[in-house]
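Quick notes on the structure that follows.
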Amino acid sequence: MEKAYFPMFVDISEKEILVVGGGKIAARRIRTLLDFTVHITVITPALDEKLRQYADLEKFRWVQRKYRESDITGSDKPDIVLAATGDTEVNAEIGRLCRSLGICVNVADKKEMCDFYFPSIVKTEEVVIGINSGGANPGATKRTREKIEEWLGK
Ligand SMILES: C[C@@]1(CC(=O)O)c2cc3[nH]c(cc4nc(cc5[nH]c(cc(n2)[C@H]1CCC(=O)O)[C@@](C)(CC(=O)O)[C@@H]5CCC(=O)O)C(CC(=O)O)=C4CCC(=O)O)c(CCC(=O)O)c3CC(=O)O
Ligand SMILES: NC(=O)C1=CN([C@@H]2O[C@H](COP(=O)(O)OP(=O)(O)OC[C@H]3O[C@@H](n4cnc5c(N)ncnc54)[C@H](O)[C@@H]3O)[C@@H](O)[C@H]2O)C=CC1
């Protein structure tokens with residue numbers, strides 16, 4: 001890989017996480033994040049069916065509308081932002097704003113705008129394993145996760 005990223009294991013249990021978008025990618029990532037924190041706000045006009053079930057169970061806060069700049073600049077300033085809408089321009093706008101404010105951001109459709117990459121994760125009672133290809137090959141990351149799960153009998 002061109003550039004390897006350092007796997008920093010971070011306590012996010014008290015961080016405010018903002019996810020913009022509620023489609024397939026947001027759903028997958030929220031499912032992963034819920035193993036690590038309950039402080040998740042999701043801003044999206046529509047929710048993936050799986051996410052709707054989670055919202056019904058009050059696993060995260062759902063703000064049912066499109067993203068606004070004040071979602072990031074306002075008093076509820078998030079610590080970490082995931083831009084995962086289906087709109088490339090909106091995702092890029094979120095990325096730029098977060099960078100200008102020093103907020104840690106992940107832009108799902110543009111790896112150059114990611115302060116961190118979202119990892120593949122295998123979690124057991126004893127360990128958390130994070131996998132990443134430095135943005136070079138997310139498909140290989142996923143296959144590695146599947147192999148590790150198989151090896152662990154998960
Ligand atoms: C750079 C990164 C930034 C970030 O963090 O968002 C990023 C970026 C992009 N991914 C794209 C495509 C795909 N990504 C996946 C899968 C995963 N992608 C994930 C992470 C990352 N993806 C970050 C780096 C990870 C690393 O380097 O290891 C995982 C690990 C975590 C998660 O998403 O939950 C998850 C596996 C979870 C699991 O199963 O374990 C699949 C496969 C599938 O979905 O089945 C495809 C289809 C193609 C294929 O098969 O390769 C595109 C093109 C999108 C488009 O143009 O539409 C971009 C945009 C770009 O490259 O700029
Ligand atoms: N990093 C990764 O692993 C991958 C990233 N992607 C990228 O991730 C992004 C999301 O992909 P999917 O979830 O498949 O899309 P999707 O079309 O399933 O979902 C998009 C979501 O964004 C919401 N949305 C649209 N405009 C919005 C706005 N202005 N404010 C708030 N919410 C808004 C929609 O209501 C919907 O919930 C795309 O940009 C796609 O290119 C796609 C595949 C893999």
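These numbers come from the heavy atoms of this one structure, side chains and all, not from hydrogens, waters or symmetry mates. Ligands are counted one by one from 1 in listed order, and the atoms in each one are counted from 1 as well. Here the structure is a predicted model, which means the values were calculated and not measured.
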Under 4.0 Å from a heavy atom of T141: give me the atoms of ligand 1 that qualify, with their elements. 26 (C), 28 (O), 30 (C)
If the cut-off is 4.0 Å to any non-hydrogen atom of G21, which atoms of ligand 2 fall inside it? 22 (O), 23 (C), 32 (N)
Can you tell me the protein heavy atom closest to atom 36 (C) of ligand 1 and the distance? S120 OG, 3.6 Å
Spell out, as yes or no, whether a donor-acceptor pair under 3.5 Å connects the side chain of S70 to the backbone of T73. no
Between D11 and S13, do the side chains contain an N or O donor and an N or O acceptor separated by less than 3.5 Å? yes
Taking only heavy atoms of G134, which atoms of ligand 1 are found under 4.0 Å from at least one of them? 27 (O)
Flag the pair R65 and D71 as a salt bridge only when some basic side-chain nitrogen lies within less than 4.0 angstrom of an acidic carboxylate oxygen. yes
Let me check something: do Y5 and V107 share a hydrophobic cluster, defined by ILVMFWY side-chain heavy atoms less than 4.5 Å apart, either directly or through other members? no
Candidate with minimal heavy-atom separation from atom 9 (C) of ligand 1, of G86, G139, A108, A83: A108
Donor-acceptor contact below 3.5 Å, side chain K111 vs main chain G135: yes
Atoms of ligand 2 under 4.0 Å from any heavy atom of D109, numbered from 1 in the order shown, are 7 (C), 39 (O), 41 (O)
Distance from R99 atom CZ to C114 atom SG, nearest 0.5 Å? 8.0 Å
Where is the nearest protein heavy atom to atom 12 (P) of ligand 2: which residue, which atom, and how far? I25 CG1, 3.7 Å
Flag Y67 as yes when one of its N or O atoms lies below 3.5 Å from any N or O atom of ligand 2, and as no otherwise. yes
Taking E89 first and then R96, would you say they form a salt bridge - that is, a charged N and a carboxylate O separated by under 4.0 Å? yes
Look only at interatomic distance and state if G23 has a nitrogen or oxygen under 3.5 Å from any nitrogen or oxygen of ligand 2. yes
Does a side-chain heavy-atom distance below 4.5 Å link V127 with V122? no
Sub-3.5 Å N/O-N/O distance, P119 and ligand 1: no
Interfacing atoms of ligand 2 (cut-off 4.0 Å, heavy-atom, I43): 31 (C), 32 (N)
I need the R28 CZ to T32 OG1 distance, nearest 0.5 Å. 8.0 Å
Atoms of ligand 2 under 4.0 Å from any heavy atom of R28, numbered from 1 in the order shown, are 3 (O)
Honestly curious: do I30 and I121 fall in one hydrophobic cluster under the side-chain, below-4.5 Å linking rule? yes
Under 3.5 Å: N/O of V107 near N/O of ligand 1: no
Look at atom 61 (O) of ligand 1 and say which protein heavy atom is nearest, naming residue and atom and giving the distance to 0.1 Å. K111 CD, 4.0 Å
Using a strict cut-off of 4.0 Å, indicate which atoms of ligand 2 neighbour a heavy atom of G22. 21 (C), 22 (O), 36 (C), 37 (O)
Atoms of ligand 1 close to G135 [distance to a heavy atom under 4.0 angstrom, numbered from 1]: 1 (C), 24 (C), 26 (C), 27 (O)
What atoms of ligand 2 come within less than 4.0 Å of a heavy atom belonging to N91? 39 (O)
Please report which non-hydrogen protein atom sits nearest to atom 25 (C) of ligand 1, along with the residue it belongs to and the distance in Å to one decimal place. N132 ND2, 3.4 Å
Considering only heavy atoms of V20, which atoms of ligand 2 have at least one such atom less than 4.0 Å away? 31 (C)
Provide the number and element of each atom of ligand 2 under 4.0 Å from a heavy atom of P45. 31 (C), 32 (N), 33 (C), 35 (O)
Are any of the N or O atoms of R29 closer than 3.5 Å to those of ligand 2? yes
Hey, is ligand 2 close enough to A108 that some N/O pair sits below 3.5 Å? yes
Can you find a non-hydrogen atom of I25 under 4.0 Å from ligand 1? no
For Y117 and ligand 1, does the shortest N/O to N/O distance drop below 3.5 Å? no
I want to confirm something. Looking only at heavy atoms, which of G86, A92, G135, P138 is nearest to atom 20 (C) of ligand 2? G86
Heavy-atom nearest neighbour in the protein, as seen from atom 7 (C) of ligand 1, with distance rounded to 0.1 Å: P138 CG, 4.2 Å
Closest protein heavy atom to atom 24 (N) of ligand 2, given as residue, atom name and distance to 0.1 Å: T85 CB, 3.8 Å
For C114, the ligand 1 atoms with a heavy-atom partner under 4.0 Å come out as 3 (C)
Using a distance threshold of 4.0 Å (strictly less than), state whether atom 14 (O) of ligand 2 has a protein heavy-atom neighbour. yes
I'd like to check which ligand 1 atoms, numbered from 1 as shown, lie under 4.0 Å from a non-hydrogen atom of K110. 62 (O)
Considering only protein heavy atoms, which is closest to atom 20 (C) of ligand 1, and at what distance to one decimal place? F118 O, 3.3 Å
Please compare R28, K142, R29, K24 and report which has the shortest non-hydrogen distance to atom 17 (C) of ligand 1. R28
Set of ring-ring contact (aromatic ring centres under 6.0 Å, His included) partners for F118, sequence neighbours left out: none
Minimal heavy-atom distance between L51 and G22, with the atoms involved, is CD1-O, 3.8 Å
Which protein heavy atom lies closest to atom 23 (C) of ligand 2, and at what distance to 0.1 Å? T44 OG1, 3.6 Å
the protein heavy atom lying closest to atom 39 (O) of ligand 1 turns out to be R145 NH2, 2.6 Å
